[in-house]
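Read through the structure below, which is laid out as C-alpha cells, and then see the notes.
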Amino acid sequence: MTESQNSRALRESADVIVLGAGPAGLVLANLLHAAGIDCVLLERASPTHVRTRARAGFLAPNTGRILDRHGLADGLHRRGTRHGTCEFRTRDGRFRLDYGALGQGGRGGQHHVYPQQYLVADLLTHYLDRGGRIRFHTEALAVGDADGTRPYVTTREPDGRPTRWTARYVAGCDGRHGAARRSLPPGVVRRHHHDHGVTWLGLLAEAPPSLDAVGYAVHDRGFAGHMARTPDITRYYLQWQRGVPADAWPEQRIWDELDVRMRAADHGPLHRGPLQERGIFDLTCDVVEPLRNGSLFLAGDAASLLAPAAAKGANLAVLEAEILAEALTDALTRGDTAGVDGYSDRCLEHIWRAQEFTGWMTRLLHAPPDADEGAGPSFQAALRRSRLASLRTSRVHQEWFAENYVGV
Ligand code: RFL
C-alpha cells in the first residue's frame, strides 16, 4: 500500500493510537500490527522529514537482537557496520579501550553503527508494506480522558481541521516536546530534570571517519568527539559555550578547533569536508515517573531524555517499544493486564541505569561548569584525570565500562 492510499484508508479510531514515527513509535506500531492489533500512527512531520532526520548512529547489541527477533533488522545487517573500540585522548596521551571484547563476562558486545534515519526509513517501509496505518502531517494536540473509559487524542489534520481520535490505549512516542507529555495532568507524575551544565555543538561532516574508533578528546579548551556514521559521513562534537549560536564560527575555525582538541598534531590529521548540519545540544536529562497515566503510556524520549554522551536514547526507545507492544497485545487479546501494570517499573529500571552511566560519562568528559581551570589544575579536573587513569589501567573498571557502554 502506498503512503497516499494509506491515508485515504484511515478511520478515526483504533484500539491503540501511537503518537510519533521515531524509533519508539515505529517499532511499537510494527509489533502491534504484526500481532493483529488495530493501531494507527499519527505523525506531525512529512514522510521525507521522518526518513531523513539524522540523529543517533550507535545501536547497542540488544537493539540489534530486538530488531532481529521481529524481522526488522535487514537494513541493519546489510548496510550497518560493527564497532567495538573507544579512543580517549588526553594531555597524558591516548589510550584505546576495546570494549567490544570486554564486559558481559567476556562475551563481548559491539555496537552496530547505523544512522537513525536509515533505521527509521526501514521501519517505516516495513510497516507500510504490510498495510500498517499511518497519518503524516497530523499533529497531536492533546490526549484526553486518559484515566477515564474512552481516551482520545485531538489532532490538527493535514487540511487544518481539528479532529478527535478515540482509542483504548494511547502510546506517547512523540518525543520530549510532544503532546503526550504535555497532556499529563499536574500531580499525576513526577518529572525529574537535571542540567549537566554542558552544551555541545553537534556537526555532521561530509568526510570519511578519521579514526577507526569512537574518539573522545578531553582538553582544557573543552571536549571534542568523533563518531563514524557511514564511510562518507562523520559526526563530530565540540563542547560549546551556552548561548552562542551554531553558526557563530566559520567552518575553517571549527576544523582548526577540532584539530587542537583532538590533538591532531600528535595523533594524525582529521579528514575535513563540508559541514552538512550543525545543531546545539544542551546536555540535560529528564525522566517522567511513572511512565503511565491510565490508558496513556510514554516511551522513548517522551518518557526519558538522556544527554547524547553515552548513546542510549534510541536504544531505550526500541527496548521500551518492545516491552509496551507485548504488554498492550496481552491486554487487548487476552485481557491480561500484568504487562501494562508492570510497564513503568520495568522500563524505569533500565532508564535510571542508563541515566546514571550517562551522568558518569558526562563527568568523565567535561569539566563541570564551575570548575576553576584557569587557576591551575582544579579539584574537579584532577578527579577527572584520575577517573581516566583508572579507566586506562584497571581491567575491572574497563569491564564495568564495557558492560554499561553497550548495555541497555
Ligand atoms: P523521536 O526520534 O524524537 O521521534 C518522535 C517523533 O514524534 C513526532 N512528533 C509528533 N507527532 C505527532 N504529534 C505531535 N505533537 C508530535 N510531536 C513530535 C516527531 O516529528 C518525531 O517523528 O523520539 P523516539 O522515537 O523516542 O526516539 C528517540 C531517539 O530519537 C533519541 O533518543 C536518539 O536520537 C538519541 N541519540 C542517540 N541515541 C542512541 O541510542 N545512540 C546514539 O548514537 C545517539 N546519538 C542522539 C544521538 C541524539 C542526538 N540529538 C539530536 C540530541 C546524537 C544526537 C546528536
Side-chain angles (χ1 to χ4, degrees), residues 17-29 40-60 62-64 83 111-117 119-121 123-124 134-143 153-158 165 170-183 199-204 214 225 227-229 235-237 246 277-286 291 298-321 324 347 351 354 358 405-408:
I17 296 177
V18 180
L19 306 181
L26 279 164
V27 168
L28 177 61
V40 65
L41 219 164
L42 306 181
E43 165 58 50
R44 177 178 63 183
S46 69
T48 308
H49 180 81
V50 163
R51 286 179 189 276
T52 54
R53 192 172 60 146
R55 299 186 86 183
F58 273 64
L59 300 178
N62 192 50
T63 303
H83 202 290
H111 279 111
H112 299 268
V113 183
Y114 195 53
Q116 179 168 325
Q117 68 272 28
L119 173 67
V120 164
L123 293 168
L124 181 56
I134 185 164
R135 184 72 158 255
F136 289 101
H137 303 288
T138 300
E139 182 179 7
L141 301 175
V143 181
V153 178
T154 51
T155 57
R156 189 183 293 121
E157 299 292 307
W165 295 74
V170 179
C173 305
D174 49 350
R176 179 194 192 182
H177 301 293
R181 262 194 179 213
R182 278 200 311 272
S183 305
T199 297
W200 280 4
L201 175 68
L203 305 157
L204 269 185
V214 178
M227 288 177 196
R229 282 296 186 255
R235 209 180 241 300
Y236 286 94
Y237 296 107
E277 203 182 287
R278 304 180 183 202
I280 298 278
F281 309 113
D282 291 336
L283 271 57
T284 58
C285 59
D286 223 304
L291 308 178
L298 304 185
D301 281 7
S304 74
L305 192 80
L306 295 105
K312 296 286 183 206
N315 294 296
L316 280 173
V318 170
L319 175 69
E320 290 155 18
L324 186 55
C347 292
I351 287 171
T358 299
Y405 192 54
V406 296
V408 182

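Both counts, for ligands and for their atoms, begin at 1 and track the order of listing. Worth knowing before you read on, the calculation uses all heavy atoms, side chains too, and leaves out hydrogens, waters and symmetry mates. Just so you know, residue 1 is the first one in the sequence shown, and it goes up from there. Here the structure is a predicted model, which is why all the values come from computation and not from measurement.
- An N or O contact shorter than 3.5 Å is missing between L19 and ligand 1 by distance.
- Counting the atoms of ligand 1 from 1 in the order shown, those under 4.0 Å from a heavy atom of G57 are 42 (C), 43 (O).
- Given atom 12 (C) of ligand 1, the protein heavy atom at minimum distance is R44 N, 3.3 Å.
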Task: Worked verdict on H83 versus V214 for side-chain contact (heavy atoms from CB on, under 4.5 Å) - done: CA-CA 8 Å; H83 202 290; V214 178; 3.7 Å; yes
Task: Intermediate values then yes/no, side-chain contact (heavy atoms from CB on, under 4.5 Å), E320 and I351 - done: CA-CA 10 Å; E320 290 155 18; I351 287 171; 3.4 Å; yes
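- For atom 7 (O) of ligand 1, the nearest non-hydrogen atom of the protein is G20 CA, 3.2 Å.
- Which parts of ligand 1 touch N315 is read off a 4.0 Å heavy-atom cut-off, strictly below it: atoms 39 (C), 40 (O).
- The distance from ligand 1 to the heavy atoms of G300 drops below 4.0 Å at these ligand atoms: 26 (O).
- Between the side chain of K312 and the backbone N or O of Y405 there is at least one donor-acceptor pair closer than 3.5 Å.
- Each of the atoms 39 (C), 40 (O), 41 (N), 42 (C), 43 (O) of ligand 1 lies under 4.0 Å from some heavy atom of A311.
- Listed by atom number, the atoms of ligand 1 under 4.0 Å from G22 heavy atoms are 2 (O), 4 (O), 6 (C), 25 (O).
- Ligand 1 lies within reach of R53, whose nearest heavy atom is under 4.0 Å from it.
- In terms of protein heavy-atom proximity, atom 36 (N) of ligand 1 is closest to A56 CB, 3.8 Å.
- Below 3.5 Å of separation, one finds no N or O of A45 facing any N or O of ligand 1.
- The nearest protein atom to atom 26 (O) of ligand 1, hydrogens excluded, is given as D301 N, 2.8 Å; this is a heavy-atom distance.
- Distance from atom 50 (N) of ligand 1 to its nearest protein heavy atom, with residue and atom name: F281 CE2, 3.7 Å.
- Taking OG of S304 as the start and CG of L291 as the end, the distance is 7.5 Å to the nearest 0.5 Å.
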TODO: Using the side-chain contact (heavy atoms from CB on, under 4.5 Å) rule, take F58 and Q116 through it: C-alpha gap first, then chi angles, then the decisive distance, then the call.
DONE: CA-CA 8 Å; F58 273 64; Q116 179 168 325; over 6 Å; no
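- On a distance-only criterion, E139 and ligand 1 share no N/O pair closer than 3.5 Å.
- Closest protein heavy atom to atom 24 (P) of ligand 1: P23 CD, 3.9 Å.
- Using a 4.0 angstrom heavy-atom cutoff, L42 counts as in contact with ligand 1.
- E43 OE1, 3.3 Å is the protein heavy atom nearest to atom 8 (C) of ligand 1.
- Note on ligand 1: G202 sits outside its first shell, no heavy atom being nearer than 4.0 Å.
- Across all their heavy atoms, A142 and A179 have their closest contact at N-CB, 4.1 Å.
- In this structure a side-chain-to-backbone donor-acceptor pair under 3.5 Å is missing from E139 to R156.
- With a 4.0 Å heavy-atom cut-off, ligand 1 is reached by the backbone of K312 but not by any atom from C-beta on.
- For ligand 1, the atoms lying closer than 4.0 Å to a non-hydrogen atom of Q116 are 2 (O), 29 (C), 30 (O), 33 (C), 34 (O).
- For A60, no heavy-atom contact with ligand 1 is shorter than 4.0 Å.
- Of the listed residues (D174, T155, V18), the one carrying the non-hydrogen atom nearest atom 16 (C) of ligand 1 is D174.
- Of the polar atoms of A314, at least one N or O is found under 3.5 Å from an N or O of ligand 1, judged by distance alone.
- Between W200 and Y237, the angle of the ring planes lies from 30° to 60°, which puts this pair in the tilted group.
- Where the criterion is an N or O separation shorter than 3.5 Å, residue side chain and backbone included, R55 meets it with respect to ligand 1.
- Side-chain N or O atoms of R235 include none that pairs as donor or acceptor with a backbone N or O of A56 at under 3.5 Å.
- In terms of N/O distances under 3.5 Å, ligand 1 is not approached by H177.
- Under the 4.5 Å side-chain criterion, counting only non-hydrogen atoms from C-beta, V143 is in contact with L19.
- Annotation: P308 places no N or O atom under 3.5 Å from an N or O atom of ligand 1; distance criterion only.
- Each of the atoms 25 (O), 26 (O) of ligand 1 lies under 4.0 Å from some heavy atom of A24.
- Inter-residue side-chain proximity for N315 and N62 is flagged as unmet; no heavy-atom pair is nearer than 4.5 Å.
- Between R53 and V120, the closest side-chain pair of non-hydrogen atoms is not below 4.5 Å.
- Residues passing the side chain to side chain contact (heavy atoms under 4.5 Å, CB included) test with T138 are L42, R135, T155, E157, P158, sequence neighbours excluded.
- Residues T358 and C285 form no side-chain contact, since every pair of their non-hydrogen atoms from C-beta on lies 4.5 Å or further apart.
- Proximity of a side-chain donor or acceptor of R55 to a complementary backbone N or O of Q117 within less than 3.5 Å is not detected.
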Task: Evaluation steps, side-chain contact (heavy atoms from CB on, under 4.5 Å), between L124 and R51 - done: CA-CA 8 Å; L124 181 56; R51 286 179 189 276; 3.8 Å; yes
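- In this structure, CG on D286 lies 10.0 Å from CG on D301, to the nearest 0.5 angstrom.
- The nearest heavy-atom contact from the protein to atom 14 (C) of ligand 1 is A140 N, 3.8 Å.
- The closest approach between any non-hydrogen atom of T138 and ligand 1 is below 4.0 Å.
- Residue Y237 has at least one heavy-atom neighbour below 4.0 Å for each of these atoms of ligand 1: 53 (C), 54 (C), 55 (C).
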